[in-house]
2 protein chains.
Amino acid sequence: MTEPLRLGIAGLGTVGVGVVKIVRQKANLLAARTGRPVVITAVSARSRDKDRGVSLTDYAWEDDPVALAQRDDVDVFVELMGGHEGSAKDATEAAITAGKDVVTANKALLAIHGQALAEQAEANGCVIRFEAAVAGGIPVIKSLTEGLAGNEITRVMGVMNGTCNYILTRMQDAGLPYDEVFAEADALGYLEADPNLDVGGIDAGHKLSLLSSIAFGTKVAFDGVELEGIQRISIEDINQAEDLGYRIKLLGVAQLTGRGLEQRMSPCLVPADSPLGQLKGGTNMVVLEGDAVEQVVLRGPGAGEGPTASAVMGDICDVARGLRLSTFGVPAKELEEAKPATSNSPAPYYVRLELLDRPGAMAKLASALGDAGVSIDRMRQSQHDGTEAPVLIVTHKTQRSALQDALEALKGSDVLASDPVALRIETV
Amino acid sequence: MTEPLRLGIAGLGTVGVGVVKIVRQKANLLAARTGRPVVITAVSARSRDKDRGVSLTDYAWEDDPVALAQRDDVDVFVELMGGHEGSAKDATEAAITAGKDVVTANKALLAIHGQALAEQAEANGCVIRFEAAVAGGIPVIKSLTEGLAGNEITRVMGVMNGTCNYILTRMQDAGLPYDEVFAEADALGYLEADPNLDVGGIDAGHKLSLLSSIAFGTKVAFDGVELEGIQRISIEDINQAEDLGYRIKLLGVAQLTGRGLEQRMSPCLVPADSPLGQLKGGTNMVVLEGDAVEQVVLRGPGAGEGPTASAVMGDICDVARGLRLSTFGVPAKELEEAKPATSNSPAPYYVRLELLDRPGAMAKLASALGDAGVSIDRMRQSQHDGTEAPVLIVTHKTQRSALQDALEALKGSDVLASDPVALRIETV
Ligand SMILES: NC(=O)c1ccc[n+]([C@@H]2O[C@H](COP(=O)([O-])OP(=O)(O)OC[C@H]3O[C@@H](n4cnc5c(N)ncnc54)[C@H](OP(=O)(O)O)[C@@H]3O)[C@@H](O)[C@H]2O)c1
Ligand SMILES: NC(=O)c1ccc[n+]([C@@H]2O[C@H](COP(=O)([O-])OP(=O)(O)OC[C@H]3O[C@@H](n4cnc5c(N)ncnc54)[C@H](OP(=O)(O)O)[C@@H]3O)[C@@H](O)[C@H]2O)c1
């Protein structure tokens with residue numbers, strides 16, 4: 001196979017330019033590894049005039065990414081525009097209709113339309129690859145889909161939004177409140193145009209839903225991801241957690257239980273000395289657990305020009321080498337409907353609450369927990385300044401619903417000075 | 001493609017039995033993922049009568065693995081016997097001659113004969129896969145060959161012998177000397193029949209040479225791996241290193257320098273709080289560095305029935321899915337001859353020496369280092385009991401040859417009570 005593989009690249013931002021650079025600078029290496037030249041024939045972006053720091057004169061220009069996707073001289077449509085509607089979706093569909101393979105970094109598109117696109121692609125004999133969409137430079141899609149194909153996957157976990165992890169570690173290291181670090185991150189350009197995609201856990205939730213589909217052979221069910229952002233994490237909780245030997249991470253967890261598929265993306269406590277607990281700044285980490293392999297942990301940069309382009313190039317090289325695979329590891333038509341279950345697998349919880357300084361308050365707390373069947377592993381009552389007495393509790397393993405019952409009962413009993421904070425402690 | 005993929009499995013020990021169990025227990029999952037049934041048609045081991053805890057009555061039995069490899073009803077020869085000569089080599093060659101694909105867990109075979117086997121396989125249109133041969137359950141061969149195919153690899157590092165890491169962490173945790181922990185490991189069955197394969201660094205060196213070949217596009221050059229085992233690591237060095245903020249690991253490092261390909265497998269100091277420093281017991285870790293991806297760290301079980309079988313099954317699923325690749329990522333005939341270079345990239349070193357309690361001894365030490373151009377970052381002289389004064393030095397970055405010159409000069413000057421210990425501090 002010495003015919004060149006011809007790429008049409010739509011989107012010349014951070015990732016697109018990174019890909020163009022690699023294709024230009026490593027022609028020989030790529031040809032040696034894939035057995036054929038890998039070339040760019042056409043590109044597209046919004047503005048033709050922008051200086052992108054890389055020469056584009058060798059490539060045809062298309063204003064319209066749909067037209068790019070349909071060009072006869074394009075074998076692989078490389079979608080690096082982003083967004084789950086509009087051009088990214090239209091052009092990806094057009095590419096598949098025209099029988100082109102697709103490589104994309106777009107988690108939003110696949111989390112929302114992945115099932116339909118995969119069915120359409122497989123009906124047309126095309127592949128869709130999306131390594132860059134999850135955890136940046138880490139080859140996690142490949143590891144899960146191919147490397148662990150002999151496993152029944154039991155659990156997938158990950159810290160997959162670098163911005164959130166940056167905010168949480170920066171709060172801890174600098175002792176700064178959420179709002180201040182959020183403003184810093186914004187000024188540094190770390191946040192998406194809609195910051196809720198980051199701090200609300202949506203971006204990481206998109207990624208988790210893609211991993212779930214591969215892990216459990218179910219249709220992508222982003223709707224079934226329980227989302228909770230990091231906005232309500234206070235520096236006090238970060239410090240208290242550290243004192244107890246934990247760190248707070250925006251952690252995604254997916255597991256198949258008797259009740260259905262649990263997928264949650266939420267701030268959790270993890271042991272400070274675990275690989276997840278040690279993770280700092282924008283680095284990502286994914287934990288894959290299978291019945292045979294036990295546990296594999298992958299760590300690497302979750303974003304940025306080089307790492308993301310590396311993942312895109314891995315997919316392009318696979319296509320050039322003729323490696324062809326169903327989008328989610330099994331044919332899309334055979335994926336089962338996911339049965340989303342609310343997350344109720346038992347876990348210890350961290351609870352912080354402020355009791356009013358009233359006679360019997362502690363007794364009410366104890367009986368509210370006891371009545372709901374929640375037992376206490378560790379409890380600390382910090383010194384209090386007169387009216388409110390902050391209480392920290394680490395529970396034994398309990399179902400979330402039981403803890404919620406207890407906290408509801410407590411809220412009705414007039415002993416709380418503010419809403420209690422309850423965070424899951426994930427066993428890693 | 002709904003024809004079944006037919007496996008002939010030679011070797012029914014730890015790994016072989018693990019593979020048989022997965023193929024039997026997960027027929028549906030494997031068929032769904034690969035698009036075709038994966039079945040075993042024939043098996044071979046030394047003793048036919050041994051109870052292996054799994055039923056083999058459905059499979060043809062061959063006493064001779066060469067005959068197994070040649071059977072018409074075998075598509076993939078799965079070599080799980082071990083050893084770099086004899087049956088493993090003969091049967092692998094026979095399989096390739098008969099046009100079969102090969103999946104193996106045998107690092108020794110590939111480190112010694114990989115180049116010849118790969119050339120033969122590629123001439124015959126066969127693939128050789130060997131994920132299980134390096135770092136057990138971690139999909140590192142796949143990550144490096146495929147996932148990072150768009151990178152120029154700059155460095156590969158790894159802790160890839162679980163037994164050595166078990167011995168070193170156990171020495172530290174229990175405060176026990178090497179000989180005692182070695183005897184423990186032996187009693188627990190952790191050591192190879194020839195323990196030098198483990199503690200001499202040979203097994204890990206085999207693995208490093210395979211990673212190097214893929215990373216740098218060079219022919220496997222196990223001969224070019226500088227090997228140093230853990231036998232001379234004392235509990236004193238482990239403790240002193242810890243005091244200085246480091247841990248000692250049997251670390252493999254491969255990098256391409258202007259002088260040639262450096263490959264070394266040796267006990268090194270790594271920062272105690274780095275992912276490598278945190279690694280305990282039999283767990284393996286591989287660090288892959290590329291110009292685009294920066295750094296990816298993979299962590300997982302390096303051995304055992306389930307994890308190793310998981311890796312073998314990943315390869316088998318790839319073959320079933322029709323993913324075909326050159327053994328070392330580029331066609332074997334195009335691999336360049338490796339130019340082994342002695343490891344001389346500058347690094348800080350840890351040096352422990354015992355000075356005789358003589359006037360001028362410290363001055364001689366200082367001038368020996370100074371004359372060789374080795375400068376001192378930190379120095380500690382512990383309290384001494386009369387005759388010998390242990391001195392600990394952390395040097396600034398220096399070439400190993402310079403440090404060796406200094407230590408040679410010192411040895412000639414009659415101030416040392418014993419041979420000095422010098423260990424590289426690897427930047428991770
Ligand atoms: N950045 C990362 O580190 C990272 C990591 C993982 C995944 N991703 C994903 O990769 C994709 C691209 O991200 P990015 O950071 O490279 O984005 P970016 O820097 O904002 O670049 C987007 C590019 O798409 C072009 N574009 C947008 N709408 C278009 C349209 N309608 N027609 C033609 N071109 C259009 C833009 O053109 P102009 O330049 O002319 O405006 C720009 O070149 C997204 O899906 C993102 O989620 C990014
Ligand atoms: N164990 C691990 O965790 C691990 C991890 C990574 C890689 N590996 C590699 O995997 C391979 C197998 O390891 P293992 O631990 O499974 O070894 P093992 O438990 O010693 O099993 C070896 C098997 O090969 C059979 N065998 C040996 N010589 C044979 C011959 N001449 N003809 C037919 N059968 C023969 C033995 O037969 P009998 O049972 O009848 O004696 C036995 O079933 C080795 O290359 C090893 O380096 C192992």
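All figures in this text were calculated on a predicted structure; none of them were measured in a lab. Numbers restart at 1 for each chain; the letters A, B, ... are given by sequence-line order, proteins then strands.
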request  = Can you see which heavy atom on T283(B) is nearest to which on N165(B), and at what distance?
outcome  = O-ND2, 4.0 Å

Closest-packed option against chain B by number of heavy-atom pairs under 4.5 Å, given G300(A), P301(A), G18(A) = P301(A)

task = Answer yes or no: are there more than 12 heavy-atom neighbours, outside E336(B) itself, under 6.0 Å from its atom CD?
result = no

task = Could you tell me which portion of N284(B) (side chain, backbone, both or neither) has an atom closer than 4.5 angstrom to a non-hydrogen atom of chain A?
result = neither

message = Closer than 3.5 angstrom, by distance alone: can the side chain of K219(A) be matched with the main-chain N or O of G114(A) as a donor-acceptor pair?
response = no

query = Can you check whether A332(A)'s main-chain N or O pairs, donor with acceptor, with E122(A)'s side chain at less than 3.5 Å?
reply = yes

request  = Ignoring hydrogens and angles, tell me if any N or O in the side chain of T169(A) forms a donor-acceptor pair with the backbone of G281(A) under 3.5 Å.
outcome  = yes

Heavy-atom contact with chain A under 4.5 Å, split by part of L148(B) = both

task = Measure from the side-chain N and O atoms of K249(A) to the backbone N and O of L279(A), and report whether any donor-acceptor pair falls under 3.5 Å.
result = yes

key: Region of E152(B) that comes under 4.5 Å of a non-hydrogen atom in chain A   = both

inquiry  = For E294(B), which atoms come within 4.5 Å of any heavy atom of chain A: side chain, backbone, both, or neither?
reply    = side chain

request  = Please state whether the side chain, the backbone, both or neither of K142(B) comes within less than 4.5 Å of a heavy atom of chain A.
outcome  = both

task = Measure D318(B) against the heavy atoms of chain A and call it side chain, backbone, both or neither at under 4.5 Å.
result = side chain

request  = Answer with side chain, backbone, both or neither: which region of T145(A) has an atom nearer than 4.5 Å to a non-hydrogen atom of chain B?
outcome  = both

query = Does F130(A) reach the side chain of T327(A), with side-chain heavy atoms less than 4.5 Å apart?
reply = yes

Candidate pair F216(A) and F328(A), rule ring pair (Phe, Tyr, Trp, His ring centres under 6.0 Å), full reasoning = CA-CA 10 Å; F216(A) 306 114; F328(A) 299 105; over 10 Å; no

inquiry  = Heavy-atom pairs under 4.5 Å with chain B - which of V330(A), V23(A), V293(A), I138(A) has more of them than the others?
reply    = V293(A)

ask   = Using non-hydrogen atoms only, which part of L325(A) is less than 4.5 Å away from chain B: side chain, backbone, both, or neither?
value = side chain

query = Do you know which of G314(A), C317(A), S310(A), G147(A) has the most heavy-atom pairs under 4.5 Å to chain B?
reply = S310(A)

message = Quick check on E146(B) against chain A: is it the side chain, the backbone, both or neither that has a heavy atom closer than 4.5 Å?
response = both

request  = Between chain A and each of Q278(B), E334(B), M285(B), M313(B), count heavy-atom pairs under 4.5 Å; write down the option with the most.
outcome  = Q278(B)

Under 4.5 Å from any heavy atom of chain A - which part of L298(B) = both

